[in-house]
Amino acid sequence: MKPCIILLGPPGSGKGSQTEKLKSFLGFQTVSTGDLVRSQIKGQTSIGLEIEPFLKEGRLVPDELIVQLFKEWIKDNQDAKGFILDGFPRTLEQAYIFNKDIVGKFNLKVQVIYLEVSVDLLISRMLTRLICNKCKAVYNTTSKPPKHLNQCDECGEALERRQDDNPETIVTRNKEYMSLTAPLVEFFLENLVTINGDQDSEKVFSDIMKGLNNGNLN
Ligand code: AMP
């Protein structure tokens, strides 16, 4: 069976940073459905045009579109030795489809990592984060500033704020999370490890690795 790690947690919980760390440690293929969405919007594809208003408002995009993008991605990456999913599934409907159409077909052993973070911390993290568009490294102007102003330490590319990291959109994204995504904790309970995501990113990573070993993922 192929290991498949799902990172579950509210916006700003550190899923992107932990995905990058896990990727370099485990050598699995990773996907951020947020990145899939943003690249469709950037390319102004027909799906991109359809989903742009949802992203701008901080709402989740319709299940059928995200499922379509995810299925294409996993098909293209099926030779990977394992997968790390950042941001998918994100609704109960997506989770049902994932279990029904994907887990068996790609012979996946699923382990869910739930990053639990206090609300105040989430908001301040999102308002101060910077992202490298090229290599996806994540920075924070207060807790993890880049060595040179607005420049990625890893690849030298300019850093950007995410368009949806603004106070109004953050509120909507958190509401969407609470009503549509939080129920997945219950859904995946049997295969889920809860991690204290308030801790610094290195400690979160080592707790995730311990959690994965207990689930015998590697
Ligand atoms: P993220 O980068 O994970 O914060 O995602 C950014 C935005 O992409 C979200 O606010 C949603 O609009 C959209 N998105 C990403 N993943 C999903 C998903 N699994 N289901 C629905 N919308 C998603």
Side-chain angles (χ1 to χ4, degrees), residues 2-19 22 28-41 45-77 83-106 108-117 119 122-123 125-126 162-166 168-195 197 208:
K2 258 182 208 190
C4 177
I5 303 168
I6 295 175
L7 286 163
L8 182 64
S13 56
K15 299 188 298 294
S17 310
Q18 296 302 327
T19 296
L22 286 165
F28 293 176
Q29 273 298 348
T30 63
V31 66
S32 144
T33 39
D35 285 343
L36 292 184
V37 162
R38 282 183 284 274
S39 89
Q40 293 289 325
I41 294 173
T45 63
S46 58
I47 291 192
L49 293 173
E50 207 175 323
I51 56 191
E52 191 166 16
F54 291 91
L55 195 103
K56 277 199 171 145
E57 289 166 27
R59 286 185 294 140
L60 293 187
V61 310
D63 289 328
E64 62 275 14
L65 296 178
I66 210 84
V67 165
Q68 182 188 335
L69 291 176
F70 180 77
K71 282 185 173 173
E72 280 165 16
W73 177 84
I74 197 158
K75 201 165 144 232
D76 290 346
N77 289 279
F83 302 103
I84 304 168
L85 314 185
D86 164 7
F88 184 88
R90 206 130 146 182
T91 64
L92 282 173
E93 179 64 18
Q94 291 173 25
Y96 290 131
I97 296 173
F98 178 73
N99 274 358
K100 180 168 72 72
D101 296 352
I102 295 166
V103 171
K105 183 170 176 187
F106 295 96
L108 304 181
K109 176 175 162 62
V110 176
Q111 172 80 67
V112 180
I113 298 292
Y114 168 44
L115 296 174
E116 201 174 34
V117 180
V119 177
L122 290 174
I123 296 173
R125 274 187 193 170
M126 281 190 276
R162 267 175 53 164
Q163 242 190 7
D164 55 353
D165 277 349
N166 63 72
E168 303 80 53
T169 316
I170 287 173
V171 170
T172 311
R173 285 159 69 201
N174 279 328
K175 280 191 187 150
E176 290 278 273
Y177 173 80
M178 288 312 292
S179 62
L180 298 170
T181 311
L184 295 188
V185 172
E186 192 73 26
F187 181 89
F188 283 119
L189 209 53
E190 266 180 36
N191 302 315
L192 181 135
V193 181
T194 300
I195 303 289
I208 291 177

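- Looking at T33 and D86, their side chains never come closer than 4.5 Å, going by heavy atoms from C-beta outward.
- To the nearest 0.5 Å, atom CG of residue D164 and atom OG1 of residue T172 are 10.5 Å apart.
- Distance check: I113 CD1 to I6 CD1 gives 10.5 Å after rounding to the nearest 0.5 Å.
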Taking it one step at a time, do T45 and Q40 satisfy side chain to side chain donor-acceptor pair (under 3.5 Å)?
-> CA-CA 6 Å; T45 63; Q40 293 289 325; 2.6 Å; yes
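- Here CZ of F187 is found 13.0 Å from OG1 of T181. Values are rounded to the nearest 0.5 Å.
- Side chains of I51 and I47 form a contact here, defined as non-hydrogen atoms less than 4.5 Å apart.
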Residues 60-74, side-chain donor-acceptor partners within the protein, below 3.5 Å, at least two apart:
residue : atom : partner : partner atom : Å
D63     : OD1  : T91     : OG1          : 2.9
D63     : OD1  : Q94     : NE2          : 2.9
K71     : NZ   : D101    : OD2          : 2.8

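- Note that the OG atom of S32 and the CD1 atom of I84 stand 12.5 Å from one another [nearest 0.5 Å].
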Could you give me the CA-CA distance, side-chain angles and deciding distance for D165 and R173, then say whether salt bridge (Lys or Arg N to Asp or Glu O under 4.0 Å) is met?
-> CA-CA 10 Å; D165 277 349; R173 285 159 69 201; 3.0 Å; yes
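- Taken from CG in L7 to CD1 in I5, the straight-line distance is 7.0 Å, to the nearest 0.5 Å.
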Could you go step by step and tell me if V193 and Q111 meet the side chain to side chain contact (heavy atoms under 4.5 Å, CB included) rule?
-> CA-CA 8 Å; V193 181; Q111 172 80 67; 3.3 Å; yes
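- Note that the CG atom of L180 and the CE atom of M178 stand 11.0 Å from one another [nearest 0.5 Å].
- Other residues, nucleotides and ligands contribute over 12 non-hydrogen atoms within 6.0 Å of the CD atom of E168.
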N174/M126 under side chain to side chain contact (heavy atoms under 4.5 Å, CB included): CA gap, chis, key distance, verdict = CA-CA 11 Å; N174 279 328; M126 281 190 276; 4.2 Å; yes
Show your working on side chain to side chain contact (heavy atoms under 4.5 Å, CB included) between L22 and T30 and close with a plain yes or no.
-> CA-CA 9 Å; L22 286 165; T30 63; over 6 Å; no
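- The side-chain heavy atoms of F98 and L108, taken from C-beta on, include a pair separated by under 4.5 Å.
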For residues 9-19, which side-chain donor-acceptor pairs fall under 3.5 Å, sequence neighbours excluded?
residue : atom : partner : partner atom : Å
S13     : OG   : P10     : O            : 2.7
K15     : NZ   : G9      : O            : 3.0
K15     : NZ   : P10     : O            : 3.3
Q18     : NE2  : S201    : O            : 3.1
T19     : OG1  : K15     : O            : 2.6

Please step through side chain to side chain contact (heavy atoms under 4.5 Å, CB included) for the pair F83 and V31, ending with a clear verdict.
-> CA-CA 8 Å; F83 302 103; V31 66; over 6 Å; no
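- For K2, the NZ atom is densely surrounded, since the number of other residues' heavy atoms within 6.0 Å is greater than 12.
- Nearest heavy atoms, P89 versus A95: CB-N, 3.6 Å.
- Atom CD of Q163 is surrounded by 12 or fewer heavy atoms from other residues, nucleotides or ligands within 6.0 Å.
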